[in-house]
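Starting from 1, each residue takes its place in the sequence as its number.
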Amino acid sequence: MENNFSYLEESISSEEINEFEEKYNKNLPNSYKDHIIINNGGIPDKDYLRNSEITVSCFYSIKNGKNKIEDVIKVLQELEDVLPKHLFPFAHDMGGNDFCISLAEEDYGKIYIWYHDAGGEKKLISGSFEEFMSGLAKS
């Protein structure tokens, strides 16, 4: 199921993703890396998560542009690591809540939404990045 993105940032290579992973000591799922090579950030045309009230506002870019994951990580570190280190933010909703991939061994690849205003509550929304992407529909 294809999802078209608008407002993409400049494309990046697999080498640049590898550099990012090394810099931040992250081991990202291949499905996410494949996605980010094609769509580095941007706004999806299918933004509504089926069977929920959740809407994706924007995907972060790995590199380039104004919505970089690197900037999000920096801000969260300044806030004394409010977001658990094993959660990797890749997108956000209209309220600024982050969609995150778990990089922890026990639930690697699962997708959560992390609610900033609810004291850092996280809610499981998909079993994988592929499942998350295929669950998006036009709102």
Side-chain angles (χ1 to χ4, degrees):
M1 179 175 278
E2 189 171 323
N3 196 338
N4 295 310
F5 283 72
S6 56
Y7 302 102
L8 294 171
E9 299 301 339
E10 183 180 331
S11 295
I12 62 170
S13 67
S14 57
E15 291 79 22
E16 289 172 304
I17 293 174
N18 291 340
E19 289 170 9
F20 177 87
E21 287 181 301
E22 287 176 26
K23 180 178 180 178
Y24 289 99
N25 195 28
K26 304 291 184 194
N27 180 22
L28 302 171
N30 288 332
S31 57
Y32 172 73
K33 291 190 280 190
D34 293 343
H35 166 81
I36 205 75
I37 287 172
I38 297 167
N39 300 297
N40 186 25
I43 298 171
D45 69 342
K46 295 177 183 172
D47 60 353
Y48 176 74
L49 192 62
R50 288 184 190 97
N51 303 319
S52 75
E53 299 294 318
I54 299 172
T55 302
V56 180
S57 178
C58 181
F59 279 67
Y60 299 123
S61 62
I62 289 282
K63 191 175 182 181
N64 309 318
K66 62 181 179 178
N67 282 314
K68 295 182 294 211
I69 292 172
E70 192 168 32
D71 295 337
V72 172
I73 291 171
K74 184 178 179 181
V75 167
L76 293 173
Q77 286 174 343
E78 289 171 0
L79 295 173
E80 300 178 5
D81 296 324
V82 176
L83 181 70
K85 288 190 183 297
H86 73 280
L87 294 179
F88 177 78
F90 67 89
H92 64 84
D93 69 4
M94 295 290 262
N97 300 303
D98 288 307
F99 296 96
C100 302
I101 301 170
S102 176
L103 302 179
E105 187 175 325
E106 64 272 7
D107 62 351
Y108 182 83
K110 291 188 178 182
I111 307 298
Y112 294 89
I113 187 166
W114 186 71
Y115 294 102
H116 295 269
D117 294 337
E121 175 190 346
K122 71 177 183 177
K123 177 183 175 187
L124 179 66
I125 57 173
S126 294
S128 68
F129 186 75
E130 300 96 326
E131 183 182 308
F132 174 80
M133 293 301 291
S134 67
L136 293 175
K138 289 191 179 198
S139 53

Review point. Which pair of heavy atoms, one from G41 and one from I36, lies closest together, and at what distance?
Key: N-CD1, 3.9 Å
Point to revise | Nearest atoms (heavy-atom pairs only) where E131 meets S126 | key: OE2-CA, 3.5 Å
Check your understanding: About how many Å separate NZ of K123 and OH of Y115, when rounded to the nearest 0.5 Å?
Key -> 5.0 Å
Exercise for review: For residues L103 and N27, report the shortest heavy-atom separation together with the two atoms involved.
Suggested key: CD2-O, 3.5 Å
Check your understanding: Between CE of M133 and OH of Y32, what distance do you get to the nearest 0.5 Å?
Key -> 10.5 Å
Practice item. Following the transitive rule for hydrophobic clusters with a side-chain heavy-atom cut-off under 4.5 Å over Ile, Leu, Val, Met, Phe, Trp and Tyr, establish whether W114 and Y24 coincide in one cluster. Key: yes
Exercise for review: With side-chain contact (heavy atoms from CB on, under 4.5 Å) as the test, would you mind laying out the steps for L87 and K122 before giving the verdict?
Suggested key: CA-CA 10 Å; L87 294 179; K122 71 177 183 177; 4.1 Å; yes
Exercise for review: Calculate, to the nearest 0.5 Å, the distance between atoms CG and OG1 belonging to L136 and T55 respectively.
Suggested key: 9.5 Å
Review point. Are P29 and F129 side-chain neighbours, meaning at least one heavy-atom pair lies under 4.5 Å?
Key: no
Point to revise | Shortest non-hydrogen contact from P44 toward S57 | key: CD-O, 4.2 Å
Review point. Which pair of non-hydrogen atoms, one from E16 and one from K63, has the smallest distance, and what is that distance?
Key: OE2-NZ, 2.9 Å
Point to revise | Minimum-distance pair of heavy atoms, taken over all atoms of H86 and A104 | key: CD2-CB, 3.7 Å
Check your understanding: In the single-linkage hydrophobic clustering (I, L, V, M, F, W, Y; side-chain heavy atoms under 4.5 Å), do L124 and F90 co-cluster?
Key -> yes
Check your understanding: Which class fits the ring pair F132 and F99: parallel under 30°, tilted 30 to 60°, perpendicular over 60°?
Key -> tilted
Exercise for review: State, without any angle test, whether Y60 and D98 hold a side-chain donor-acceptor pair at a distance under 3.5 Å.
Suggested key: yes
Review point. Just one of F88, Y112, Y108 clears the side chain to side chain contact (heavy atoms under 4.5 Å, CB included) bar with S102, so which one?
Key: Y112
Check your understanding: Which value, rounded to the nearest 0.5 Å, describes the distance between N67 atom CG and I43 atom CD1?
Key -> 8.5 Å
Check your understanding: Hey, does I73 have a side-chain heavy atom less than 4.5 Å from the side chain of E70?
Key -> no
Check your understanding: So, H35 versus F59, ring centres under 6.0 angstrom or not?
Key -> yes
**Study point:** Backbone of D45 reached by a side-chain donor or acceptor of N4 within 3.5 Å
**Key:** no
Study note, to complete from the structure: To the nearest 0.5 Å, atom CD1 of I17 lies from atom CG of D34 at 8.0 Å
Check your understanding: Got a second to check how far N40's CG is from S13's OG, nearest 0.5 Å?
Key -> 10.5 Å
Exercise for review: Answer yes or no: is there a donor N or O on one side and an acceptor on the other, between the side chain of N3 and the main chain of K46, under 3.5 Å?
Suggested key: yes
